[in-house]
Amino acid sequence: MLGVPGSGKGTQAKMLSEKLKLSYVSSGDLFRNMDQSSEIGKKARPYMDAGELVPDDIVMELMKEYLLKNRIEGNIILDGFPRTVNQAEQLESLLTIDHVIYIDISEEEFYKRLGGRRTCPKCEKNYNIFTEPKPKTDGICDDCGEQLFQRKDQTTEALKTRLEVYHDETEPLVEFYDKLGIVLKIDGMGTVDEVENRIEIALDNAKKSNIDPE
Ligand code: AMP
């Protein structure tokens with residue numbers, strides 16, 4: 001799954017993994033959920049908070065270890081990895097990528113979706129001050145009654161950095177995978193259901209053209 005942060009790739013990847021019974025692996029979740037006092041955790045945190053990419057060697061160490069340790073077999077959906085051409089090149093020796101689902105949204109939408117996001121410190125539910133889901137009471141979690149907060153990597157400053165990093169480091173992957181003819185470009189504007197539908201159609205068409213002898 002490829003796309004700017006906030007493009008909805010995480011949501012779509014999880015739904016697709018359930019529908020197609022595939023394993024789901026998110027490098028961002030792995031970094032967030034790991035022991036923050038571990039060697040890798042301590043190294044990664046400052047980059048994550050600043051909205052920068054964690055250096056490739058750390059990412060590859062984490063991903064290799066995770067894929068091997070958990071004996072992930074069969075088909076998987078990768079979310080947020082690879083994120084640089086270097087990572088993609090190294091990944092080629094580990095597994096084969098069948099499809100790259102590239103979800104495209106506008107810059108304005110990126111700032112609206114991520115800059116407006118507020119999170120509950122207790123249950124980690126996300127809300128948005130500009131779009132749905134909004135909390136019933138401003139700034140308070142509907143379920144826990146806790147004060148919502150803005151994640152460090154979602155402040156305006158960090159978002160600017162994340163967009164720049166995305167354009168410089170991650171967007172070149174579209175071309176990298178386009179040369180292999182495996183990119184499915186999906187319009188990410190609209191509802192979750194609409195985008196889900198577009199992905200389904202694109203995957204069906206890709207399968208059909210793989211079977212087609214021409
Ligand atoms: P995400 O939730 O996918 O946006 O990831 C959160 C943060 O984790 C990113 O802003 C990066 O700092 C770091 N991260 C996750 N995946 C990668 C990756 N493949 N390469 C470098 N940094 C990553």
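Remember, it's 1-based here, ligands and their atoms both numbered in the order they're listed. If you read the sequence from its start, that first residue is 1, and numbering goes on from there.
For the pair Arg118 and Phe149, the minimum side-chain heavy-atom distance is 4.5 Å or more. Counting heavy atoms from C-beta outward, Ile101 and Leu16 have side chains that approach closer than 4.5 Å. Proximity of Ile77 to Ser23: side-chain heavy atoms (C-beta onward) are nowhere separated by under 4.5 Å.
Arg198 and Met189 make their closest contact through NH1-O, 2.8 Å (heavy atoms, listed as atom of the first residue, atom of the second, distance).
Following chains of ILVMFWY side-chain contacts shorter than 4.5 Å, one cannot reach Leu184 starting from Val100, and the two form parts of different hydrophobic clusters.
Around ligand 1, the residues contributing at least one heavy atom under 4.0 Å from the ligand are Ser27, Gly28, Phe31, Arg32, Met48, Glu52, Leu53, Val54, Val59, Gly80, Phe81, Arg83, Gln87, Arg162.
Not counting sequence neighbours, Glu146 has no partner by the side chain to side chain donor-acceptor pair (under 3.5 Å) test.
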